[in-house]
Amino acid sequence: MNKPDFTSPGSLAPIRAEGDRVGRRSGELRRPHPRKQSIADHPITPSLLPKAFDPLVTRPLDIVWFKRDLRVADHCPLAEAARTGPVLPLYIVEPELWAQPDASARQWAFAAESLRELQNSLAALGQPLCVMTGDAVSIFRDLHARYGIATLLSHQETGNGWTFARDLRVAAWAREAGVPWHEPRQFGVIRRLKSRDGWAQSWDSAMAEPVTPPPAALHPLDGTWPTHIPTGSELGLAPDACPGRQPGGRTAALATLDGFLAERGRDYRYEMSSPITAFDACSRLSPHLAWGTISMREVSQAAAQRIRSVGHLNDHASKSWRASMISFIGRQHWHCHFMQKLEDEPRLEFENLHPAYDGLRPDVADAGRLAAWCAGETGFPFVDACMRALDRHGWLNFRMRAMLMSFASYHLWLPWRDTGLHLARRFVDYEPGIHWSQVQMQSGTTGINTMRVYNPVKQGIDQDPAGTFVRAYLPELDAVPDSFIHEPWHWPGASSLRYPPPIVDHAAAAKAAKDALHALRKGSGHRDAAREIAAKHGSRKAGIPMTGRKPKAAPEAAPVAQLSFDL
């Protein structure tokens with residue numbers, strides 16, 4: 001198997017219409033930011049469409065609203081709309097969304113590439129993608145006033161707090177206007193879920209459904225519709241060089257999946273943990289799943305087919321493939337499992353899941369520590385190399401993501417919201433449901449997960465013993481011998497290095513953090529609240545495969561184990 005060139009920027013390259021059509025998550029929406037919005041907050045903007053734009057539309061529009069599902073295959077809203085007549089495929093570029101603190105130019109660059117390919121795919125079917133920029137409710141109002149909207153179709157979305165508030169406004173407008181909004185599921189996430197019992201079996205059933213083929217053709221609409229995809233600078237996004245970023249678009253998604261199933265994924269189960277091997281061994285499908293250039297159902301069925309293709313063989317390679325694919329499918333379950341948490345509990349993007357941890361860390365981050373961590377200049381080589389690799393590629397394997405977050409929350413004692421936002425902007429594959437669930441898990445604020453405090457030196461020795469990965473991203477340590485590469489402050493020549501000393505005493509910082517959390521966990525009421533959280537959000541013994549091995553049954557109310565789900 002070819003290993004990644006760390007110095008190369010190109011390294012790897014039935015629909016429901018009744019009831020509350022948004023109904024995204026149970027419970028009260030309580031967020032300090034962003035505030036709840038009403039339709040009045042976004043009044044209609046006159047003449048959203050250019051004066052020269054006046055297509056001849058003779059019947060109300062059926063609109064397929066693309067969001068984070070940028071493909072034509074296995075796209076139920078598109079297929080459903082195409083069966084009934086002409087369709088307007090629409091993507092709305094929302095400047096306010098891209099002004100949120102978890103958005104970045106690298107994410108938009110991936111999305112824009114995917115949109116361009118989607119435009120070509122839809123044009124080949126007969127009706128190109130219409131792209132409009134502005135507020136979604138204002139755009140839908142304008143289209144409805146000018147042409148009429150018969151039906152609005154889109155996939156369900158478990159996004160961030162801003163998109164949740166936007167969907168509530170769109171739903172309110174649709175009800176007022178009498179426009180039915182149909183939202184089929186895209187992932188294994190279930191809206192208004194009453195119990196996690198049977199959730200894994202439901203996921204299996206959803207992923208086993210036949211893949212929806214793309215429409216044979218789309219009836220073209222008269223006239224010329226706007227198609228301009230703005231640049232990041234046009235959206236006001238700060239420059240964000242990410243030279244190793246994976247390319248967007250469905251062609252890249254299919255090639256990435258094919259390469260993983262044909263060669264790279266054989267030792268996935270064993271090579272996902274170290275960043276030296278993970279850049280090749282992990283599927284690298286996470287940004288494509290996040291932006292929907294490929295569907296989870298397509299990926300799941302392709303992995304299952306790979307297992308079947310080697311099921312009758314007994315050689316070493318076939319055994320490795322079976323073990324790796326079972327593990328890979330298990331992580332697809334975990335992908336949706338964590339998204340389900342945000343779907344059911346939207347406040348976890350902004351608040352500690354367990355209230356006992358309120359006030360544990362300072363409300364305002366230590367500016368010096370936060371800046372050093374963000375820049376990869378903490379004085380701990382393996383931590384800093386991981387941050388710089390993320391900055392260059394927009395991706396990092398899960399174990400290293402967990403270490404970065406754990407180090408920030410425990411050793412540096414930084415508030416997780418600040419550090420979580422920085423990582424969100426760095427991840428091209430940012431998926432809010434997974435991200436914020438994991439941010440809290442790695443910060444020890446869920447109340448139900450095992451506290452895992454990564455030793456930043458030991459992690460480097462275990463995962464990068466010769467310092468290969470460290471030297472690829474920290475050239476200022478080239479002169480340091482292998483025996484000192486993970487603790488350069490002990491090297492006699494350390495004073496000559498243009499590299500900072502450790503920002504904290506990692507052993508003392510870890511002890512202080514553990515002591516603080518252990519004291520909280522012994523507090524009155526902690527266990528009762530943890531039981532309620534586990535009952536609502538915890539995985540069930542019957543269901544989610546992880547590594548292909550039968551999991552040990554944990555006693556009731558025991559902490560949920562730390563998880564890994566590299567895709």
Side-chain angles (χ1 to χ4, degrees), residues 4 8-13 66-73 75 91-95 97-122 129 131 133 155 157-160 162-163 186-187 227-257 259-260 279 282-296 298-299 335 339 389-398 401 421-435 566-567:
S8 171
S11 177
L12 183 25
F66 286 86
K67 296 181 183 179
R68 292 165 69 97
D69 51 356
L70 307 182
R71 62 182 185 274
V72 297
H75 199 290
Y91 184 84
I92 301 175
V93 182
E94 300 167 283
L97 170 61
W98 290 98
Q100 297 305 300
D102 54 354
S104 63
R106 62 181 57 194
Q107 296 166 358
W108 175 247
F110 187 96
E113 290 169 359
S114 302
L115 282 167
R116 283 190 282 273
E117 185 166 346
L118 178 62
Q119 276 189 330
N120 294 334
S121 297
L122 288 165
L129 178 70
V131 178
T133 299
H155 275 120
E157 181 180 12
T158 303
N160 63 7
W162 189 93
T163 64
Q186 177 173 213
F187 291 113
T227 59
H228 174 65
I229 300 171
T231 63
S233 60
E234 288 174 329
L235 283 175
L237 293 169
D240 182 19
C242 187
R245 175 181 62 80
Q246 292 176 249
R250 183 166 176 82
T251 298
L254 294 176
T256 301
L257 176 62
F260 177 67
F279 277 80
C282 289
S283 78
R284 307 300 302 277
L285 288 168
S286 53
H288 295 287
L289 289 169
W291 288 99
T293 58
I294 195 169
S295 75
M296 180 67 80
E298 291 178 289
V299 173
H335 171 284
M339 290 179 67
L390 173 59
D391 192 59
R392 183 184 300 180
H393 298 283
W395 183 90
L396 195 65
N397 61 314
F398 175 78
R401 298 184 189 209
L421 283 171
H422 176 78
L423 291 180
R425 292 188 292 269
R426 298 293 87 192
F427 293 148
V428 175
D429 60 1
Y430 171 53
E431 184 67 72
I434 298 174
H435 181 73
D566 294 276
L567 292 175

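Just so it is clear, the model here is predicted, and its values are computed rather than measured. Residue numbers start at 1 and run along the sequence shown.
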Nearest heavy-atom pair of [X] and [Y]: which atoms, and what distance?
| X | Y | value |
| --- | --- | --- |
| Leu97 | Ala103 | O-CB, 4.0 Å |
| Gly249 | His288 | O-CE1, 3.4 Å |
| Arg284 | Pro287 | O-CD, 3.7 Å |
| Arg401 | Leu396 | NE-O, 2.5 Å |
| Asp102 | Arg425 | C-CG, 3.8 Å |
| Ser114 | Leu70 | CB-CD1, 3.7 Å |

In the structure I gave you, are the side-chain heavy atoms of [X] and [Y] within less than 4.5 Å of one another anywhere?
| X | Y | value |
| --- | --- | --- |
| Arg116 | Ile229 | yes |
| Thr293 | Leu118 | no |
| Val131 | Leu115 | no |

Checklist line | Worked check of side-chain hydrogen bond (donor to acceptor under 3.5 Å, both in side chains) between Thr256 and Gln246 | finding: CA-CA 10 Å; Thr256 301; Gln246 292 176 249; 4.5 Å; no

Say you draw a straight line from [atom1] of [X] to [atom2] of [Y]; how long is it, rounded to the nearest 0.5 Å?
| X | Y | atom1 | atom2 | answer |
| --- | --- | --- | --- | --- |
| Arg71 | Ser295 | CZ | OG | 5.0 Å |
| Asn160 | Gln100 | CG | CD | 6.5 Å |
| Asp429 | Leu285 | CG | CG | 10.5 Å |
| Glu113 | Thr251 | CD | OG1 | 11.5 Å |

Which residues satisfy the side-chain contact (heavy atoms from CB on, under 4.5 Å) test with [X], sequence neighbours excluded?
| X | value |
| --- | --- |
| Pro230 | Val93, Trp108, Thr133, His228, Glu234, Leu235 |
| Ala109 | Arg245 |
| Arg68 | Glu157, Ala290, Trp291, Glu431, Pro432 |

Going by salt bridge (Lys or Arg N to Asp or Glu O under 4.0 Å), name the residues that satisfy it together with [X], two or more places apart in sequence or in a different chain.
| X | result |
| --- | --- |
| Arg250 | Glu298 |
| Glu94 | Arg166 |
| Arg426 | Asp240, Asp391 |

Notebook entry, point to check: Are Phe66 and His155 an aromatic pair by the rule of ring centers under 6.0 Å?
Noted result: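 Distance test on ring centres: not under 6.0 Å, no.
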
Ring pair (Phe, Tyr, Trp, His ring centres under 6.0 Å) partners of [X], counting only residues at least two apart:
| X | result |
| --- | --- |
| Phe187 | His335 |
| Tyr91 | none |
| His435 | Phe427, Tyr430 |

Note to self: The criterion is side-chain hydrogen bond (donor to acceptor under 3.5 Å, both in side chains); which residues satisfy it with His422, sequence neighbours excluded?
What the structure shows: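 With sequence neighbours excluded, His422 shows a side-chain hydrogen bond (donor to acceptor under 3.5 Å, both in side chains) to no residue whatsoever.
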
Check: With sequence neighbours excluded, what pairs up with Thr227 under the side-chain hydrogen bond (donor to acceptor under 3.5 Å, both in side chains) test?
Finding: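 Partners of Thr227 by the side-chain hydrogen bond (donor to acceptor under 3.5 Å, both in side chains) criterion come out as none, since no residue qualifies.
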
Note to self: Working note: Trp98 + Leu237, criterion side-chain contact (heavy atoms from CB on, under 4.5 Å); need CA distance, chi angles, decisive distance, verdict.
What the structure shows: CA-CA 8 Å; Trp98 290 98; Leu237 293 169; 4.3 Å; yes

Next item on the list: Report the C-alpha separation of His393 and Cys242 in whole Å, then their side-chain angles, then the decisive distance to 0.1 Å, and conclude whether the side-chain contact (heavy atoms from CB on, under 4.5 Å) test is met.
Entry: CA-CA 6 Å; His393 298 283; Cys242 187; 5.6 Å; no

